[in-house]
Enquirer: 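Before I ask anything, let me first share the structure, which is written out below as structure tokens.
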Amino acid sequence: MRDLTELTAVQLVEGYRKGEFSPVEATRATLDRAERIQPEVNAFVRLTGEEALAQARASADRWRRGEPCGAVDGVPVTVKDILLMRGAPTLKGSRTISENGTWDEDAPSVARLREQGAVFLGKTTTPEFGWKGVTDSPLSGVTRNPHDPTRTAGGSSGGAAAAVALGAGPLALGTDGGGSVRIPAAFCGIFALKPTYGRVPLYPASAFGTLAHVGPMTRDAADAALLLDVIGAPDSRDWSALGPAAGPYTATLSGGVRGLRVAYSPSLGGQVAVQPAVAAAVRRAVERLAGLGAYVTETDPDLTDPVDAFHTLWFSGAARVTQHLGPHQREALDPGLREICGLGARMSALDYLAAVDVRMELGRRMGRFHDSYDLLVTPALPITAFEAGTEVPKGSGLHRWTGWTPFTYPFNMTQQPAASVPVGADADGLPVGLQIVAARHRDDLVLRAAHALYEAQAAGIRLPAAALAR
């Protein structure tokens, strides 16, 4: 029998349909893998093995009757420990939250998965309240990179990314407020999509406001489309959620990139210093898109780094998250989080509204940009994974995680769909990610382009390097 931990969700469902293996077999294999990787990588805060096997047995019964209850019936999935999951504490990487509680409610994305028969393996690690681009916390320690455990997995959805990369579940739910699904996806060599804001309902509302998105983290774009079709269904608890999608993302996945207008920005107009290995891998992937029929132009969007405005919004959100804590509890916080909470607490409403103005102007510029280009392609990150347990690379001179993530957080401010696609590795074997961005509501184009790259790679297609228009 094939190693079931190496199969995608699409392949698992097809295997269940054909009777080649059962959800129980897949779940046992996946739980075993999760338990084996946990001591070295620390991807999980909690495994729910008994519950998962009970869910898998119920799914197997449905498949035997020929009555699966949804598109992901029997597929193992993990949930970032920021999102509510019925029956398990949601501690958000913090020692300030007690395990004692009813924990009787699912977040919207979890509820949609449960309705369609998914098997929940457990909760994955996060930095405290998801505040930074790496995954370590006072509660659960350091999450490590599956390609080199001395390196970070990225964050804040680092546990989810490491689990997917190592076969501990093909589907994972992550959250992204400034790059938090795309950063660990790039560092760990998996696919992740930050959908258009509101495409996936979120409840309870995030203190980081409309920066915060829920997104799929998967082995490939086909699995992400499958997962997005499930979790993108409406939920009345989120007043800011979008209405139903125009149609299934899986139905348009194979549309290809021929004729799409692609803007390739290697460094956002020279604003970002990109490691040579990252730049080379991304350029090769862009040439592949051109070889598949996209019209590629090397150009840059009209934007300046909005980091100061992002910090105002982000630090204010962090201060709000911790506003209720007393002095003793504040001492238990991650020191970096405590620092930005102090900064956020001193910001005024006028500071916040000025940052909103910057955000609105950035959105206007990107809206106009996409009048001319269907897609924007950049590196997902300018670097590959650095030392685990640090917020910034040692010796970089940087202070905050935003210093090495300039390609990700601007698109949280604009609410656009953006994905990280693995496109190669550096000399140390550390993954490189390419970012694909589209106009708001065009998640389908992001998924189509990513799927085209996966399909070309799977088929071993060798395409001629295409000259990029300038």
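All figures in this text were calculated on a predicted structure; none of them were measured in a lab.
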Enquirer: Quick one, Ser265 with Asp300, criterion side-chain hydrogen bond (donor to acceptor under 3.5 Å, both in side chains). Give me CA distance, side-chain angles, the key distance, then yes/no.
Expert: CA-CA 5 Å; Ser265 180; Asp300 303 300; 2.6 Å; yes

Enquirer: If you define the side chain from C-beta out and look only at heavy atoms, does anything of Gln275 sit under 4.5 Å from Pro382?
Expert: no

Enquirer: The test is salt bridge (Lys or Arg N to Asp or Glu O under 4.0 Å); show your working for Arg442 and Asp374 and say whether it passes.
Expert: CA-CA 9 Å; Arg442 293 314 308 266; Asp374 299 302; over 6 Å; no

Enquirer: Going from CG on Leu173 to OG1 on Thr218, what distance comes out if it is rounded to the nearest 0.5 angstrom?
Expert: 11.0 Å

Enquirer: When you look at CZ of Arg261, are more than 12 heavy atoms from neighbouring residues, nucleotides or ligands closer to it than 6.0 Å?
Expert: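 Count over threshold, so yes.
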
Enquirer: Sub-3.5 Å donor-acceptor pair from the side chain of Ser348 to the main-chain atoms of Asp351, do we have one?
Expert: yes

Enquirer: Keeping the roles fixed (side chain from Asp238, backbone from Tyr203), state whether a donor-acceptor pair exists under 3.5 Å.
Expert: no

Enquirer: Any idea which heavy atoms bring Leu362 and Pro410 closest together, and the distance?
Expert: CD2-O, 3.7 Å

Enquirer: Looking at every heavy atom in both Gly270 and Ser267, which two are closest together, and how far apart are they?
Expert: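 Shortest heavy-atom contact: N-OG, 3.0 Å.
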
Enquirer: Starting from the C-alpha separation in whole Å, work towards a yes-or-no answer on side-chain hydrogen bond (donor to acceptor under 3.5 Å, both in side chains) for Arg359 and Asn412.
Expert: CA-CA 9 Å; Arg359 183 180 190 183; Asn412 291 80; over 6 Å; no

Enquirer: Among residues at least two apart in sequence or on other chains, which ones pass side-chain contact (heavy atoms from CB on, under 4.5 Å) with Ala263?
Expert: Thr299, Phe369, Tyr373, Leu376

Enquirer: Does the side chain of Tyr409 come under 3.5 Å of the side chain of Asp305 through a donor N or O and an acceptor N or O?
Expert: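 A pair is found: one side chain offers a donor N or O, the other an acceptor, under 3.5 Å apart.
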
Enquirer: Atom OG1 in Thr126, atom CD1 in Ile82: separation rounded to 0.5 Å?
Expert: 4.0 Å

Enquirer: Just checking Glu361: does its CD atom have more than 12 heavy atoms from other residues, nucleotides or ligands closer to it than 6.0 angstrom?
Expert: yes

Enquirer: Using a 4.5 Å cut-off on heavy atoms from C-beta on, say whether the side chain of Arg151 contacts that of Asp428.
Expert: yes

Enquirer: Using modelled atom types and a 3.5 Å cut-off, is there a donor and acceptor pairing between side-chain atoms of Trp314 and backbone atoms of Leu211?
Expert: no

Enquirer: Are any of the side-chain heavy atoms of Thr152 and Asn145 separated by less than 4.5 Å?
Expert: no

Enquirer: Minimum heavy-atom separation for Gly215 and Pro195, please, with both atom names.
Expert: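 Minimum heavy-atom separation between Gly215 and Pro195: CA-CD, 3.7 Å.
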
Enquirer: Using a 6.0 Å cut-off, check whether atom NE2 of His328 has over 12 heavy atoms from anything other than its own residue.
Expert: no

Enquirer: Do Arg320 and Gln323 come close enough that some side-chain heavy atom pair is under 4.5 Å?
Expert: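 They are in contact (side-chain heavy atoms under 4.5 Å apart), so the answer is yes.
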
Enquirer: Judged by atom type as modelled, is there a donor-acceptor pair below 3.5 Å linking the side chain of Glu391 to the main-chain atoms of Leu398?
Expert: no

Enquirer: Taking all atoms of both residues into account, what is the closest heavy-atom pair of Asp235 and Pro108, and its distance?
Expert: OD2-CB, 3.5 Å

Enquirer: Taking the side chain as every heavy atom from C-beta outward, state whether Val164 and Arg219 have any pair of such atoms under 4.5 Å apart.
Expert: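 A side-chain contact under 4.5 Å exists here.
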
Enquirer: With side-chain hydrogen bond (donor to acceptor under 3.5 Å, both in side chains) as the rule and sequence neighbours excluded, what pairs involving residues 335-344 come up?
Expert: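 Of all non-adjacent pairs touching residues 335-344, those that pass side-chain hydrogen bond (donor to acceptor under 3.5 Å, both in side chains) are Glu339-His399, Glu339-Arg400.
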
Enquirer: I'd like to know if the side chain of Glu128 reaches the main chain of Ser137, judged simply by a donor and an acceptor atom lying under 3.5 Å from each other, with no hydrogens or angles considered.
Expert: no

Enquirer: Do Arg448 and Leu253 have side-chain heavy atoms sitting under 4.5 Å apart?
Expert: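 In short, these two side chains do not touch, never coming nearer than 4.5 Å.
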
Enquirer: Which residues satisfy the side-chain contact (heavy atoms from CB on, under 4.5 Å) test with Glu115, sequence neighbours excluded?
Expert: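 Counting only residues at least two positions away or on another chain, Glu115 forms a side-chain contact (heavy atoms from CB on, under 4.5 Å) with Arg112.
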
Enquirer: Who passes side-chain contact (heavy atoms from CB on, under 4.5 Å) against Arg440, sequence neighbours left out?
Expert: Thr196, Gln415, Gln416

Enquirer: Any donor-acceptor pair under 3.5 Å linking the side chain of Gln38 with the backbone of Ala43?
Expert: yes

Enquirer: Yes or no on salt bridge (Lys or Arg N to Asp or Glu O under 4.0 Å) for Arg95 and Glu331, after CA distance, side-chain angles and deciding distance?
Expert: CA-CA 10 Å; Arg95 293 181 293 186; Glu331 286 302 311; over 6 Å; no

Enquirer: Is a side-chain donor-acceptor pair under 3.5 Å present for Thr378 with Gln435?
Expert: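 Indeed, the side chains of Gln435 and Thr378 share at least one donor-acceptor pair under 3.5 Å.
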
Enquirer: Hey, does the side chain of Ser140 reach the backbone of Asp136 with a donor-acceptor pair shorter than 3.5 angstrom?
Expert: no

Enquirer: To the nearest 0.5 Å, how far apart are CG in Leu445 and NE2 in His370?
Expert: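 The NE2 atom of His370 is 10.0 Å from CG of Leu445, to the nearest 0.5 Å.
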
Enquirer: For the residue pair Asp106 and Leu84, establish whether any side-chain heavy-atom pair is separated by less than 4.5 Å.
Expert: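 Answer no - side chains too far apart.
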
Enquirer: Taking the side chain as every heavy atom from C-beta outward, state whether Lys194 and Arg182 have any atom pair closer than 4.5 Å.
Expert: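 Touching, per the 4.5 Å side-chain cut-off.
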
Enquirer: Below 4.0 angstrom, N of the basic side chain to O of the carboxylate: do Asp104 and Arg86 qualify?
Expert: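 A salt bridge is absent here (no side-chain N lies under 4.0 Å from a carboxylate O).
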
Enquirer: Got a sec, which pairs hit side-chain hydrogen bond (donor to acceptor under 3.5 Å, both in side chains) with one end in residues 244-253, sequence neighbours left out?
Expert: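 Qualifying pairs, neighbours excluded: Asp229-Thr250.
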
Enquirer: Output yes when a side-chain donor or acceptor of Thr48 lies under 3.5 Å from a complementary backbone atom of Phe120, and no otherwise.
Expert: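 Between the backbone of Phe120 and the side chain of Thr48 there is a qualifying donor-acceptor contact (under 3.5 Å).
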
Enquirer: Lys80 and side-chain hydrogen bond (donor to acceptor under 3.5 Å, both in side chains): which single residue from Thr175, Thr124, Thr125 fits?
Expert: Thr175

Enquirer: Quick check: closest heavy atoms across Ala9 and Leu226, and the distance to 0.1 Å?
Expert: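 Heavy-atom minimum between the residues: CB-CD2, 4.0 Å.
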
Enquirer: Hey, would you say the Phe386 and Trp404 ring centroids sit under 6.0 Å apart?
Expert: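 Yes, the ring centres sit under 6.0 Å apart.
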
Enquirer: Going by side-chain contact (heavy atoms from CB on, under 4.5 Å), Lys92 matches just one of Asp81, Ile97, Val45, Val321. Which one?
Expert: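 Between Lys92 and the candidates, side-chain contact (heavy atoms from CB on, under 4.5 Å) is satisfied uniquely by Ile97.
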
Enquirer: Report the residues that fulfil side-chain contact (heavy atoms from CB on, under 4.5 Å) with Leu343, sequence neighbours left out, ordered by chain and then residue number.
Expert: Phe315, Arg346

Enquirer: Which heavy-atom pair separates Asp426 from Ala277 by the least distance, and what is that distance?
Expert: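 Residues Asp426 and Ala277, closest heavy atoms: CB-CB, 3.8 Å.
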
Enquirer: State the OG-CZ distance between Ser420 and Phe407, to the nearest 0.5 angstrom.
Expert: 12.0 Å

Enquirer: Applying salt bridge (Lys or Arg N to Asp or Glu O under 4.0 Å) to Arg144 and Glu387, what does each step give before you reach the verdict?
Expert: CA-CA 9 Å; Arg144 300 178 179 276; Glu387 303 88 346; over 6 Å; no

Enquirer: Would you kindly say whether Ser156 and Lys132 are connected by a side-chain donor-acceptor distance under 3.5 Å?
Expert: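 On atom types as modelled, these side chains do not qualify, holding no pair under 3.5 Å.
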
Enquirer: Regarding Gln329 and Thr96, is there a side-chain donor-to-acceptor distance under 3.5 Å anywhere?
Expert: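 Checked: Gln329/Thr96 side chains show no N/O donor-acceptor pair below 3.5 Å.
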
Enquirer: Please check this pair: side chain of Ser316 against backbone of Thr312, looking for a donor-acceptor N/O pair closer than 3.5 Å.
Expert: yes

Enquirer: Rounded at 0.5 Å granularity, tell me how far CG in Leu193 sits from CG in Asp443.
Expert: 6.0 Å

Enquirer: For a quick check under 3.5 Å, do Thr414 and Tyr197 share a side-chain donor-acceptor pair by atom type?
Expert: no

Enquirer: For the atom pair CZ (Phe44) and OG1 (Thr143), what is the distance rounded to the nearest 0.5 Å?
Expert: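 With rounding to 0.5 Å, CZ (Phe44) is 10.5 Å from OG1 (Thr143).
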
Enquirer: Do Thr402 and Thr405 have side-chain N/O donor and acceptor atoms under 3.5 Å apart?
Expert: no

